[in-house]
2 protein chains.
Amino acid sequence: MTRVTAQDVADAAGVSLATVDRVLNNRKGVRESTVERVIRAMELLNFERDQAAATLARRRDYRFTFLVPSGETAFFGGIRSEIEIARKHFAKDRIEVNMIKVPPLDPHAIVAEIDRLGADIGDGVAMVAVESQIVRDAINDLRARGVHVVTLISDAPTSSRERFVGIDNVAAGRVAASLLKRFIHAPEGDVVVVAGSGTLRDHVERRMGFEQVMRAECPHLNVLPWIEGEELADVVEAKLKAVLADHPNVVGLYSLGGGTRGVIDAIKTDPKKFSVVTTELSAHTRTALIRGEIDAVLVQDPSHEVRSAIRILKALTDGTQINENQERIRIEIFVRDNLP
Amino acid sequence: MTRVTAQDVADAAGVSLATVDRVLNNRKGVRESTVERVIRAMELLNFERDQAAATLARRRDYRFTFLVPSGETAFFGGIRSEIEIARKHFAKDRIEVNMIKVPPLDPHAIVAEIDRLGADIGDGVAMVAVESQIVRDAINDLRARGVHVVTLISDAPTSSRERFVGIDNVAAGRVAASLLKRFIHAPEGDVVVVAGSGTLRDHVERRMGFEQVMRAECPHLNVLPWIEGEELADVVEAKLKAVLADHPNVVGLYSLGGGTRGVIDAIKTDPKKFSVVTTELSAHTRTALIRGEIDAVLVQDPSHEVRSAIRILKALTDGTQINENQERIRIEIFVRDNLP
DNA sequence: TTAATTTTGCTTGACGTACCTCAACTCTTA
DNA sequence: TAAGAGTTGAGGTACGTCAAGCAAAATTAA
């Protein structure tokens, strides 16, 4: 296989290398008819510009910044360590990845950090958004400055962010419900929902999806008022224990946010047997799955999400195409037997 | 961020650029003590060799060959079209991907094709293995010639293939069983297994995993003698209809191979209602999932598998590390609500 | 000590694209 | 017909590593 070079294209189109280059990089100063001739030649010869040579010649480093919550939840801990791994991995492709930790759930902290960084924020930003107008404004400002923005895990759909990297949380809630619907054998009973934070869009959406399916398809199941766990295991455990004590006919449980350890501790001591679906794949949930204390865990792969965000930011800065197939973040269902 | 170049390392280590290059590429002619000095300097400066410049200077094209079955099953059709897509996508990274179609389930055809290609087979091969000594021998010969080999979807574990790209099929079978176990509410009944080919290792393994769980955990369920569907929808439909007619107390069904369309057509006309788990995500299974005719589909992502095989072959030829996280092929569980 | 061998330095030319300058050319349009 | 604007060509430098050959230095063996 002899590679087709830009020079070959130039020869075929009867123009100079400089002109091919101008066409290739959308620089002005080329007549429309010539552009077409060059493009035809590229198609004819099946020209693929050499990524390696291009980035080298462009003498350019990509600089991307991740803005992630500093909280101590297992999930964001995982995200942060994945960013560290990715930072090392992408260095050899001239991609510099920085991570800035911001206090969780605090829109002002996010905006302050963006302001502080200024131009140092680089070519693109991946941020875990929170529901707030000033965050949306900050995103729009970044875009206006030409900085690319993707939201990660938690979206800000009405902002001008270019992509959302994460799962469809409404669908995740629906999955939880439709699994529980199939798992629960009892003709009727109560279903408990352990929520995280009401200000996190992803939690709210999951709950929405869950309720949709429950209401439409499970008239025999009664969804109890949700438990606000604040993503703290101890809080979850205490509140859940109280609810379980009050309701003898619990047949299912969905835990959609953090603090899953609290869920596991609470149900372990409960004499009732019911179906359980949670989120987060940690040492605790793994053990609980294997022991049969919980039935399924719904997860998004942080490693994939981080890589995906970087690839997408790079494609956005290069103006190249995104491989949709590769960037699809899955709602992963783990049962005892397909644990990774 | 100013990049650390090999020249910087040379300066820091007090050697010449040529020596750094020799260390970098494991060429001989460098004293052990000097090697260590250079490596220390690289660590100190956090040197990352520039992938782009390296592949460019190496003036090297990677050439990989996929050997895949030519059969008309939905799954391998998908694999083949993913290879086509990947071929285009990887061209810009100087990776030439070729696809050779071989008659399915025919070890001699595979070996004949390998012989025919000779050195044209390139730097690495990804093949869908079949259970046979001559195939294992062919793989070992390729390895002896320095050609890298990964098996795809169906493994040949006792050969000298370097990696297997695919799912743990025993685990997939176990997942199917443990889902059915949870889905089936009846206190007892029959379970039907629709198999594909007995010579495909992945099919055999899935069945094994399924039986393991059924036997150990579901004494109330009776697994009927399996139906050999030969991956042909018509055959599957006819045989399954016969079995369903003979057994009024069927409560669950697992279809572990091709011909899923036949399964769907057969159960559609059956008055009984039972839980169904299948493989393959096609237009048919999607519709059936949405309609509630089947409950879950277990899938491996062909797009991911093809990309993964190429990345792994490239890492093997470069002698670089493999990102295990990225190459983990998942056993994906799809229910109605997390369809992609 | 010398001779043989190994290790290191130095230099130079790829590799394919990006990006720049300057000169020359081709059209308009007045 | 000439000024002006828009196009194109030619050629150069840069990017960071690889590869190769030869010269020089350092080390080891005799």
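Keep in mind that what you see is a predicted model, and the values were worked out from it rather than measured.
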In whole Å, what is the span from the CD atom of A/Glu32 to the C1' atom of D/dT8?
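After rounding, the gap between these two atoms is 16 Å.
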Using a 4.0 Å cut-off to any heavy atom of chain A, which nucleotides of DNA chain C are the first and last in contact, reading 5' to 3'?
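Answer, 5' to 3': C/dG16 to C/dC19.
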Result block: side-chain N/O donor-acceptor pairs under 3.5 angstrom for residues 51-58 of chain B, not counting sequence neighbours:
| unit_1 | atom_1 | unit_2 | atom_2 | d |
| --- | --- | --- | --- | --- |
| B/Thr55 | OG1 | B/Gln51 | O | 3.2 |
| B/Thr55 | OG1 | B/Ala52 | O | 3.2 |

Ionic contact status for A/Lys92 with B/Asp50, cut-off 4.0 Å:
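No, no charged N to carboxylate O under 4.0 Å.
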Under-4.0 Å salt bridge between B/Asp123 and B/Arg63
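Looking at B/Asp123 and B/Arg63, the cut-off is not met.
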Within residues 154-163 of chain A or reaching into it, pairs that qualify as salt bridge (charged side-chain N to carboxylate O under 4.0 Å, His left out) - sequence neighbours excluded
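Those involving residues 154-163 of chain A are A/Arg143-A/Glu162, A/Asp155-A/Arg161, A/Arg163-A/Glu324.
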Quick one, A/Val165 and A/Thr151 - any side-chain contact, counting heavy atoms below 4.5 Å?
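When only atoms from C-beta onward are counted, A/Thr151 and A/Val165 do not touch, as no gap falls below 4.5 Å.
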Contact pattern, 5' to 3', of nucleotides 11-25 of chain D - B, S or - by protein heavy atom under 4.0 Å
---SBBBSB------
Between D/dT8 and A/Thr34, is there an OP1 or OP2 to side-chain N/O distance shorter than 4.0 Å?
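Looking at the OP1 and OP2 atoms of D/dT8, one of them is under 4.0 Å from a side-chain N or O of A/Thr34.
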I need the B/Thr19 OG1 to B/Arg27 CZ distance, nearest 0.5 Å.
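CZ of B/Arg27 is found 11.0 Å from OG1 of B/Thr19.
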List the residues meeting side-chain hydrogen bond (donor to acceptor under 3.5 Å, both in side chains) with A/Gln300, not counting sequence neighbours, and say none if there are none.
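side-chain hydrogen bond (donor to acceptor under 3.5 Å, both in side chains) check on A/Gln300 returns nothing, list empty.
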List in chain and number order the residues that pass side-chain hydrogen bond (donor to acceptor under 3.5 Å, both in side chains) with A/Glu36, two or more places apart in sequence or in another chain; answer none if no residue qualifies.
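A/Glu36 satisfies side-chain hydrogen bond (donor to acceptor under 3.5 Å, both in side chains) with no residue once adjacent residues are dropped.
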